[in-house]
Amino acid sequence: MSIGSEFDHLMRGVDTVLPETELAERLAEGRPLRVKLGLDPTAPSVTLGWAVVLRKLRHFQESGHTAVLIVGDFTAQVGDPTGKSETRKRLTAAEVRGYAERLLDQFAKVLLPEPLEVRFNSEWLEELDMAEVLELTSKVTVAQMLERDDFRKRFDGHQPISVMEFMYPLLQGYDSVAVSADVELGGADQLWNLMMGRVLQERYGHRPQMAMTMPLLIGTDGEHKMSQSLGNYVGVMDDPADMFGKIMSIPDRLMPQYFELATEVPPQEIIDQFDGLASGDVHPGDLKRRLAREIVDLYHPGQGLPAEAAFDQVFRHSGVPDEIDEFTLDASADQWIPGVLTAAGLTSSNGEARRLIAQGAIKLDGKKIDGESIDRSDLVSCVLQVGKRRFLRLRG
RNA sequence: GCCGGGAUGCCCGAGCGGUCAAAGGGAGCAGACUGUAAAUCUGCCGGCUUCGCCUUCGGAGGUUCAAAUCCUUCUCCCGGCACCA
């Protein structure tokens, strides 16, 4: 790859690079850069949101640079105060360990196996003794801490800020010192933290890293940043049909962002597609299908088209998906549908199920049911459906 | 430390002795319309095989025929004052 196209590839979708001119300079040095990305295992899944930065890390790998992926097992327990208006609840060591284990496989779905260094930051953070911690804290002033917006606001508003929260950026920054990062990647909300890494490296007499941030991907609700706690996410481990469906449900206005940040479709092609959309040559539904296929193919190679077919089967032809959960009926001749639905987990309570029946949302083999009880013999081998997307195959 | 205000359902927020499972909004779910988009309209939105019953209004006690609503106490938050610097 030439320097020019490599540079363009690395800059795809990027939000901010600081200092601006330095990326070209470092690339020109012609050696593999050490590109750090730190992720705290505070939840069990890699979402398309995290995948945005992970993909960027992969772009660096593709150019021969070394990906230094830091699993923040130690920092996860401290808790990143970024964007929080209040003190965050702390996770237990066991929770963090459990998440970290599950995440490692998922990272592998996005990154290349080489060149890659995976490090846990407890490796060095746990080893710091009090004298070293004090030295670390002496490198940064309280005024610098308060430059950060969320700290500033809380401080001015007399909201509590624990000293431990001040420690978070220091620890994350210390990671950069520990791994000698040339570049650190992060979400747009991490810029301040990344710059802290730069400051600390300088104070420790190392060459300061540059910071590169990616925009925060908006979740399927079309409003908030994608996050597991909000439930508006698509996980890279979601099965193809699920992934396809979730992408189809995002608001249209999110499509450009998703194409740019969550796919590898060449920039010029994206521009052409949206030009087509503006002129009416491309139908928004078709473009969204393309988007969904592209994303599914990224995490389940070759599954984009089958996922689309499954989607059409259900939503275009009002059919039933090929793979659905099964439920074995008990022996009673008279089956009470709300009980079945709730036992199978399709509804959360009998009351909810009864209401849905009253609203005409429950179908048996595609036909609306109106009563609550049905003969067992009329149910066996049939498909019970709640709304458009919840299905259950009944077994005798 | 003192004085005052507050804690309500997933979230925000009314209620201030009975007619309160608790107004209103948001989120969510379902129906119509669609491209599983947006916008809009409609219904539902604690549990229970439900004209009734049960568990909820920060925790624990108490007063009352009756408490989210009154009293006591505990916990936590918020304002103001004082103290310290």
Side-chain angles (χ1 to χ4, degrees), chain A residues 84-87 89 142 153-162 218-234 238 240-259 273-274 276-278 280-293 295-296 307-321 330 332-343 345-364 366-374 384-391:
Chain A
K84 301 288 166 188
S85 52
E86 55 189 72
T87 308
K89 145 181 173 284
V142 172
K153 279 188 195 129
R154 281 206 270 160
F155 186 74
D156 288 345
H158 301 276
Q159 304 283 316
I161 304 172
S162 71
I218 302 297
T220 52
D221 61 349
E223 280 229 27
H224 307 285
K225 91 170 184 186
M226 183 176 284
S227 90
Q228 286 170 77
S229 50
L230 293 176
N232 61 350
Y233 72 97
V234 180
D238 285 354
D242 223 36
M243 196 180 274
F244 194 95
K246 282 187 186 175
I247 301 296
M248 285 305 284
S249 76
I250 65 169
D252 287 3
R253 64 194 145 74
L254 258 44
M255 286 200 284
Q257 191 193 29
Y258 273 61
F259 263 108
Q273 289 295 314
F274 282 94
L277 191 63
D281 293 339
V282 175
H283 187 279
D286 292 334
L287 189 52
K288 199 180 281 177
R289 283 163 178 277
R290 162 96 193 268
L291 175 65
R293 280 197 309 269
I295 292 175
V296 171
E308 182 174 22
F311 175 83
D312 283 340
Q313 188 178 346
V314 176
F315 296 105
R316 187 174 280 189
H317 312 301
S318 315
V320 173
D330 64 33
S332 47
D334 199 33
Q335 294 282 324
W336 189 55
I337 301 302
V340 172
L341 289 171
T342 303
L346 288 210
T347 51
S348 57
S349 71
N350 294 341
E352 185 194 356
R354 304 182 74 194
R355 279 181 237 119
L356 286 166
I357 290 173
Q359 293 185 89
I362 312 290
K363 290 182 193 159
L364 182 65
K367 285 198 312 228
K368 206 180 285 184
I369 64 169
D370 40 21
E372 293 184 6
S373 291
I374 296 180
L384 199 53
Q385 179 180 356
V386 178
K388 290 176 194 150
R389 39 187 126 173
R390 284 173 270 173
F391 297 91

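Everything quoted here is computed from the prediction, not taken from an experiment. Just so it is clear: chains get the letters A, B, ... in the order the sequence lines come, proteins before strands, and each one is counted from 1.
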Touch class at under 4.0 angstrom, heavy-atom based, for Pro284(A) against every strand present: base

Nearest-angstrom distance, P atom, A32(B) to A38(B): 16 Å

Trp336(A) versus Ser373(A), closest heavy-atom pair with distance: CD1-OG, 3.5 Å

Phosphate OP1/OP2 of A30(B) contacted by Arg390(A) side-chain N/O (<4.0 Å): yes

Inter-nucleotide C1' distance (C44(B), G9(B)), Å rounded: 15 Å

Shortest non-hydrogen contact between Asp370(A) and Ile357(A), atoms and distance: O-CG2, 3.9 Å

Partner nucleotide of A60(B) by Watson-Crick or wobble geometry (both distances under 3.5 Å): U72(B)

Nucleotide C44(B), atom P - distance to CG of Asn350(A) in whole Å: 20 Å

P spacing across the pair A7(B) / C41(B), given as an integer number of angstrom: 33 Å

Heavy-atom check, side chain of Arg289(A) versus side chain of Ile247(A), under 4.5 Å: no

Base partner of G1(B), which must satisfy Watson-Crick or wobble distances under 3.5 Å: C81(B)

Distance in angstrom units between Lys246(A) NZ and A37(B) P, rounded: 16 Å

Base partner of C48(B), which must satisfy Watson-Crick or wobble distances under 3.5 Å: G52(B)

Nucleotide C29(B), atom C1' - distance to NZ of Lys388(A) in whole Å: 12 Å

Value in whole Å for how far the P atom of G35(B) lies from CD1 of Ile250(A): 18 Å

Under 3.5 Å donor-acceptor pair, Gln359(A) side-chain atoms to G43(B) base atoms: yes

Nearest heavy-atom neighbours spanning Lys246(A) and Thr220(A): O-CG2, 4.0 Å

C1' gap between G61(B) and A67(B), integer Å: 14 Å

Rounded distance in Å between the P positions of U69(B) and G18(B): 11 Å

Leu287(A) CG - G35(B) C1' separation (whole Å): 12 Å

Gap in Å between the two C1' atoms, one belonging to A21(B) and one to C2(B), rounded: 41 Å

Residue-phosphate contact under 4.0 Å: Ser249(A) side-chain N/O, A37(B) OP1/OP2: no

Minimum-distance nucleotide (side-chain atoms of Arg355(A) versus C45(B), A30(B), A38(B)): C45(B)

Protein-nucleotide distance (Asp334(A), atom CG; U49(B), atom C1'), rounded to Å: 11 Å

Nearest heavy-atom neighbours spanning Met248(A) and Lys288(A): O-CD, 3.3 Å

Protein-nucleotide distance (Arg389(A), atom CZ; G31(B), atom P), rounded to Å: 10 Å

P-based separation of C71(B) from C53(B) [nearest Å]: 30 Å

5′-ward residue of the pair Val386(A)/Arg253(A) relative to RNA chain B: Val386(A)

Closest heavy-atom pair and its distance - Pro251(A), Gly222(A): CG-CA, 3.8 Å

d(CH2, Trp336(A); P, U50(B)) in whole Å: 8 Å

Shortest non-hydrogen contact between Ala353(A) and Leu341(A), atoms and distance: CB-CD1, 3.9 Å

Lys363(A) vs Met255(A), nearer the 5' end of RNA chain B by closest nucleotide: Lys363(A)

P gap between C20(B) and G46(B), integer Å: 16 Å

Pairing partner of A30(B) (Watson-Crick or G-U wobble, both distances under 3.5 Å): U42(B)

Sugar-phosphate only, base, or nothing, as touched by Gly245(A) at under 4.0 Å among non-hydrogen atoms: base

Base G35(B) to side chain Asp252(A), donor-acceptor N/O within 3.5 Å cut-off: yes

